[in-house]
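First comes the structure, then the notes that go with it.
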Amino acid sequence: GAVVSQHPSWVICKSGTSVKIECRSLDFQATTMFWYRQFPKQSLMLMATSNEGSKATYEQGVEKDKFLINHASLTLSTLTVTSAHPEDSSFYICSASPRGAYNEQFFGPGTRLTVL
Amino acid sequence: QKEVEQNSGPLSVPEGAIASLNCTYSDRVSQSFFWYRQYSGKSPELIMSIYSNGDKEDGRFTAQLNKASQYVSLLIRDSQPSDSATYLCAGHKAAGNKLTFGGGTRVLVKP
């Protein structure tokens, strides 16, 4: 149980284009989903928290107009990186908290974004 | 002071030995803690959660929480080469209902 999927697993795009990453909870409903970014040899950095049906809460320093988050249902959240630049190249990982779980988060497999 | 701190390692242990990992936390982190294992190039995998003082055992893993001293530890018994990974300690922050991660401890189990 508690399986989270992400799509795509990797993506290469040209600078200036937009990329959408999907995060799905496959066998549970997730009232809250989280988006993290991880650069090589660094720990996870929380970008934003999204609750179903409401606007995402972004961490300090994360541009909400650049990283668009939509949490349309209890099983799907999307992150769109708009006008991507090489410095946006990173490992993007989502996580989800099952309804009723005590603060636990289960992570998706991650999406490796490379911007040329 | 960082909210959750870990020694970055690497922690090198021989196969079959006990690996001991420590994590300290600040007052800004509440009382539920999690240990995640992350292999290189992969996403974190939850291996243990602990909410109350004392020990919690699950297979070869034992988590220990000491609220008075504000530390949480993870013991890996009978370490195997497949345990070689980075172990992330995370504490829950009630404000914002989110996890705060330590920098991770890299563990190397040598055959």
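In the text below, chain A, chain B and the rest are named by the order of the sequence lines, each starting its count at 1.
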- Message: Can you confirm whether more than 12 heavy atoms, excluding those of B:K42, are under 6.0 Å from its NZ atom?
- Response: no

- Linking I/L/V/M/F/W/Y whenever their side-chain heavy atoms sit closer than 4.5 Å, directly or via other members, would B:W35 and B:I76 fall into one cluster? yes

- Provide the closest heavy-atom pair for A:E104 versus B:F34 in the form atom of the first, atom of the second, distance. CG-CE2, 3.5 Å

- Look up atom OG in A:S43 and atom NZ in B:K2, then write down how far apart they are to the nearest 0.5 Å. 9.0 Å

- For B:K56, look at atom NZ and say whether over 12 heavy atoms of other residues, nucleotides or ligands are found less than 6.0 Å away. yes

- Measuring heavy-atom distances to chain A, does B:L99 have an atom under 4.5 Å in its side chain, in its backbone, in both, or in neither? both

- Nearest 0.5 Å, what's the CZ-CD distance between B:F101 and A:Q42? 15.0 Å

- Message: Tell me whether B:R37 at atom CZ has more than 12 heavy atoms from other residues, nucleotides or ligands lying less than 6.0 Å away.
- Response: yes

- Does one hydrophobic cluster hold both A:L76 and A:F28, with members joined at side-chain heavy-atom distances below 4.5 Å? no

- Message: If we define contacts as heavy-atom pairs under 4.5 Å, which of A:F91, A:F34, A:Y36 has the most with chain B?
- Response: A:F91

- Which of the residues A:R112, A:Q6, A:E59 is involved in the greatest number of heavy-atom pairs with chain B at under 4.5 angstrom? A:E59

- Item | Best-contacting candidate, B:S43, B:S8, B:G102, against chain A by heavy atom pairs under 4.5 angstrom | B:S43

- Message: For B:K67, is the NZ atom crowded, meaning more than 12 foreign heavy atoms sit under 6.0 Å from it?
- Response: yes

- Message: For the NZ atom of B:K98 and the OG1 atom of A:T57, what is their distance to the nearest 0.5 Å?
- Response: 8.5 Å

- Query: Side chain, backbone, both or neither: which part of B:Q38 has an atom under 4.5 Å from a heavy atom of chain A?
  - Reply: side chain

- Report the distance from atom CG of B:L88 to atom CZ of A:F107, rounding to the nearest 0.5 Å. 8.0 Å

- Would you kindly confirm whether B:L74 and B:V72 end up in one hydrophobic cluster when ILVMFWY residues are joined by side chain heavy atoms under 4.5 Å apart? yes

